[in-house]
Q: 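Below is the structure I would like to discuss, written out as C-alpha cells.
What you see is a predicted model, and the numbers here were worked out from it, not measured in a lab.
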Number of protein chains: 2
Amino acid sequence: MAAKRSGARSKRGINERLQPVQEPRSEPPLSRERIVATAVELLDAQGVDGLTMRRLADRLGSGVMSLYWHVDNKEDVFDLALDSVLEYRGPPQMVESRDWRGEVVHMLEDWRASMLRHPWSASLLPRRALGPNILSRLELLSNTLSRAGVADADMNVAIWSLWNYVMGATITRASFDLSDDDRAAAQQRLTRLSDRYPTIERSRLLLDNDWGGTFRKGLGFLLDGLSPG
Amino acid sequence: MAAKRSGARSKRGINERLQPVQEPRSEPPLSRERIVATAVELLDAQGVDGLTMRRLADRLGSGVMSLYWHVDNKEDVFDLALDSVLEYRGPPQMVESRDWRGEVVHMLEDWRASMLRHPWSASLLPRRALGPNILSRLELLSNTLSRAGVADADMNVAIWSLWNYVMGATITRASFDLSDDDRAAAQQRLTRLSDRYPTIERSRLLLDNDWGGTFRKGLGFLLDGLSPG
DNA sequence: GATTGACTCGTACGGCGTACCATACGAGTC
DNA sequence: GACTCGTATGGTACGCCGTACGAGTCAATC
C-alpha cells in the first residue's frame with residue numbers, strides 16, 4: 001500500500017481552472033531518469049540487497065507496477081544505475097599535456113573513486129554490459145596510451161591489464177571494507193594460525209589499510225612494466 | 001540451534017555397507033561435505049541464481065530444512081562452495097626451482113583457471129571472506145616473491161597488485177564470456193558508434209578473444225614492473 | 001523403559017519480481 | 001459531444017524464495 005496520502009492526490013479542488021502558478025505539490029511524473037536517480041540513492045543507502053522494486057516505488061511515491069512502464073525489469077535498473085555512476089569529466093585542466101602517465105593515473109584513480117563512492121557498483125559491474133560511460137573511459141585510455149607510444153600490438157593487452165587492475169582493486173576494496181575491529185580480528189585469527197601462514201602474518205597483509213596508497217603504488221609498477229622506456 | 005561441528009560420525013558400524021550390491025535407493029546421509037559438493041554441481045549447472053535451498057535439498061534427496069542442521073544459512077553454502085573450489089596443489093614438480101617467476105605464473109594461472117572452471121566463483125569471490133585455500137595461495141605467493149628478492153616494503157603492494165590483476169581478469173572473463181555472435185554484435189554496435197569510440201574500434205578491443213594469451217602477457221608486464229631487476 | 005542428543009523435515013510466514021488487467025487522461029478524429 | 005488510441009498508473013495475484021518453529025525419528029546410554 002502506498003505509504004502516504006498527503007492529500008495532494010485527492011481531487012479536492014474546487015475548481016479545475018488552470019492555475020498559472022505551477023502546482024508543485026504532487027510528485028513529479030515518473031521518468032527513467034528519476035527512477036535511476038532514486039535507485040542510486042537507494043543503493044547508496046541500503047546496498048545491493050536493499051534495492052527492491054517495492055521500496056523503489058515507495059520512495060518515488062508510485063505504485064510498483066508503474067516502474068515497469070519505464071524500465072524493462074530489475075536488471076535494467078541495475079544496468080542504468082551502474083552506468084550513471086561512471087561518468088568521467090576528464091582531468092581538471094584539459095591542457096594538451098605531454099604527461100600521459102598523469103592522465104592515465106588520474107582517470108583510473110577517478111574510476112576507482114567513483115566506484116568506491118557507490119560501493120555496490122563494484123559488485124555489480126562484473127555482471128553487466130559495457131555502458132557508454134565505460135566505453136568512453138576505455139576510449140580515452142586507449143588514446144592516451146597510444147600517444148604515450150605503446151605499440152599497437154600491445155595495446156589491447158595494456159588496456160585489459162589496467163582494466164583488470166582497477167577492477168580487482170576496486171572490487172576487493174569495496175568488499176573487504178571491514179571495520180578496524182573486523183580487520184584486527186581477521187589478522188588475529190591469522191596470527192593464531194601463524195604456523196600455517198607465517199609470511200603473510202609477518203607482513204601484516206590484512207592490517208595494511210592504506211588502500212589508496214597501495215593502489216597508486218601498484219599502478220605505478222604496472223605502468224612501469226607497460227611503458228616502453 | 002546452531003549446527004555444531006560434529007566431527008565424529010565415523011563411530012558408525014565398522015562395516016554395514018560391506019559388499020552386497022549397493023542398495024541403489026536410499027541416499028547416503030547428509031553431511032557438510034555432501035552439501036558443498038552438490039552445491040558446486042548445482043552452481044556449475046545453473047549459475048549463482050540457480051542455487052536455491054529447495055533445489056539443493058531436492059538434489060540431495062532431503063528436506064529443505066535438514067540442510068540447516070549442517071550449514072548456517074545460504075551465505076554459508078556460498079562461502080564453503082567457493083573455498084572448496086580454490087584448492088591449490090602446487091606446481092607439477094616441486095623442485096626447489098630458482099624460477100620464482102615461473103612459480104608465480106603457474107600459481108596465478110591455476111588460480112584463474114580454477115575460477116573459470118566454475119564461473120560463478122568469480123562473481124562470488126568479491127563478497128566473501130578469505131577462506132583457508134585463498135590464504136594458502138597468498139602465503140605461497142608472498143613466500144615466492146620474498147625469495148625472488150622483492151623488498152619487504154613493497155611486498156604488500158606486490159601481493160595486492162597480483163591479486164587485483166588476477167581478480168580483475170577472472171571476473172571480467174567470466175562475465176564477458178559472450179558467444180561469438182554476441183561479441184560480433186557488440187563490436188558492430190561499436191562500429192556504428194565509431195565516431196565516438198574510434199580508437200578502441202580500430203584496435204578491435206572487443207573482438208580479441210585470446211583471453212589466456214592476454215592474461216599471460218599482461219601478467220608478464222606486471223611482473224616486469226614488480227621485479228627489481 | 002526413560003532419557004538424551006543428533007538429525008530430519010512439514011508447515012508457515014513474510015518478502016520478492018513481475019504477469020495480467022482495469023483504469024485514467026489528453027489528443028486527435030468524426 | 002462521442003469515439004478511439006497512445007501513454008501512463010497501479011491493484012491484485014501467482015509462484016518462488018530464505019528460513020523460524022517445533023514435532024518427529026532413531027540409536028546410544030542409563
Side-chain angles (χ1 to χ4, degrees), chain A residues 1-6 8-13 16-19 23 25-35 38-39 42-43 46-81 124 127, chain B residues 1-17 25-35 38-39 42-43 46-81 124 127:
Chain A
M1 183 167 295
K4 46 179 284 171
R5 286 348 343 242
S6 60
R9 179 151 199 68
S10 59
K11 287 320 190 159
R12 195 73 186 78
E16 245 68 328
R17 297 178 61 77
L18 74 160
Q19 297 181 329
E23 207 177 11
R25 269 329 83 220
S26 72
E27 307 271 2
L30 276 182
S31 72
R32 204 165 234 257
E33 292 70 29
R34 215 160 76 80
I35 291 175
T38 309
L42 200 50
L43 285 163
Q46 318 238 40
V48 176
D49 292 341
L51 177 64
T52 74
M53 298 304 272
R54 282 170 228 260
R55 280 210 266 260
L56 185 51
D58 263 11
R59 234 177 220 242
L60 287 160
S62 78
V64 196
M65 292 317 290
S66 307
L67 303 179
Y68 287 87
W69 180 260
H70 304 273
V71 301
D72 290 346
N73 48 41
K74 194 181 177 184
E75 295 263 294
D76 201 11
V77 176
F78 279 136
D79 285 346
L80 294 166
L124 230 48
R127 334 199 200 184
Chain B
M1 291 248 179
K4 287 289 159 204
R5 304 263 349 105
S6 70
R9 103 171 271 85
S10 50
K11 193 110 178 275
R12 200 65 206 83
I14 317 163
N15 62 356
E16 160 155 22
R17 29 118 84 146
R25 270 330 82 213
S26 80
E27 308 273 357
L30 276 183
S31 71
R32 204 166 234 252
E33 292 70 29
R34 214 160 78 80
I35 290 175
T38 308
L42 201 50
L43 284 163
Q46 318 239 41
V48 174
D49 293 340
L51 177 64
T52 73
M53 298 303 272
R54 282 170 229 259
R55 279 212 265 261
L56 186 51
D58 264 9
R59 235 178 221 243
L60 286 161
S62 78
V64 197
M65 293 316 291
S66 308
L67 303 179
Y68 286 87
W69 181 258
H70 303 274
V71 300
D72 289 346
N73 48 41
K74 196 183 176 182
E75 295 264 293
D76 200 13
V77 176
F78 278 136
D79 285 346
L80 293 166
L124 229 50
R127 334 199 201 184

Q: Is there a donor-acceptor pair under 3.5 Å between the side chain of B:Arg54 and the backbone N or O of B:Val64?
A: no
Q: Write down the distance between CG (A:Leu67) and C1' (C:dA19), rounded to a whole number of angstrom.
A: 15 Å
Q: Give the intermediate values and the outcome of side chain to side chain contact (heavy atoms under 4.5 Å, CB included) for residues B:Val77 and B:Leu67.
A: CA-CA 10 Å; B:Val77 176; B:Leu67 303 179; over 6 Å; no
Q: Hey, does the side-chain of A:Arg54 have a donor or acceptor N/O within less than 3.5 Å of a partner on the base of C:dG17?
A: yes
Q: D:dG11, C:dC16, D:dT19: which one has an atom nearest the side-chain heavy atoms of B:Met65?
A: D:dT19
Q: In whole angstrom, what separates B:Leu42's CG from D:dC17's P?
A: 11 Å
Q: Can you tell me the distance, in whole Å, between the CG atom of B:Asp58 and the P atom of C:dG10?
A: 11 Å
Q: Can you tell me the base-pairing partner of C:dT29? Count Watson-Crick or G-U wobble geometry only, both distances below 3.5 Å, and say none if there is no partner.
A: D:dA2
Q: Tell me whether the OP1 or OP2 atom of D:dT9 has a side-chain N or O from A:Ser62 closer than 4.0 Å.
A: no
Q: When you measure from the side-chain N and O atoms of A:Ser66 to the phosphate of D:dG10, is any distance below 4.0 Å, counting only OP1 and OP2?
A: yes
Q: Compare every heavy atom of A:Leu30 with every heavy atom of A:Arg34, then report the nearest pair and how far apart it is.
A: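 What the structure gives for the nearest pair is NH2-CD2, 4.1 Å.
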Q: Whole-Å distance between C:dT8 P and B:Leu60 CG?
A: 10 Å
Q: Can you tell me the distance, in whole Å, between the CG atom of A:Asn73 and the P atom of C:dC20?
A: 15 Å
Q: Side chain of A:Leu30: nearest nucleotide among D:dG11, C:dG17, D:dT9?
A: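 Side chain of A:Leu30 sits closest to D:dT9.
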Q: Can you measure A:Trp69 atom CH2 to C:dC21 atom P for me and round it to whole angstrom units?
A: 16 Å
Q: From CD1 of B:Ile35 over to C1' of D:dT19, roughly how many Å is that when rounded to an integer?
A: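 In whole Å, D:dT19 C1' and B:Ile35 CD1 are 15 Å from each other.
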Q: D:dC16 P sits how many Å from B:Gln46 CD, rounded?
A: 14 Å
Q: Counting only side-chain N and O atoms of B:His70, is one of them less than 4.0 Å from OP1 or OP2 of C:dT8?
A: yes
Q: Taking atom CG of A:Leu43 and atom OG1 of A:Thr38, what is their separation to the nearest 0.5 Å?
A: 11.0 Å
Q: Grab the two heavy atoms, one from A:Phe78 and one from A:Val48, that are nearest each other, plus how far apart they are.
A: CZ-CG1, 4.1 Å
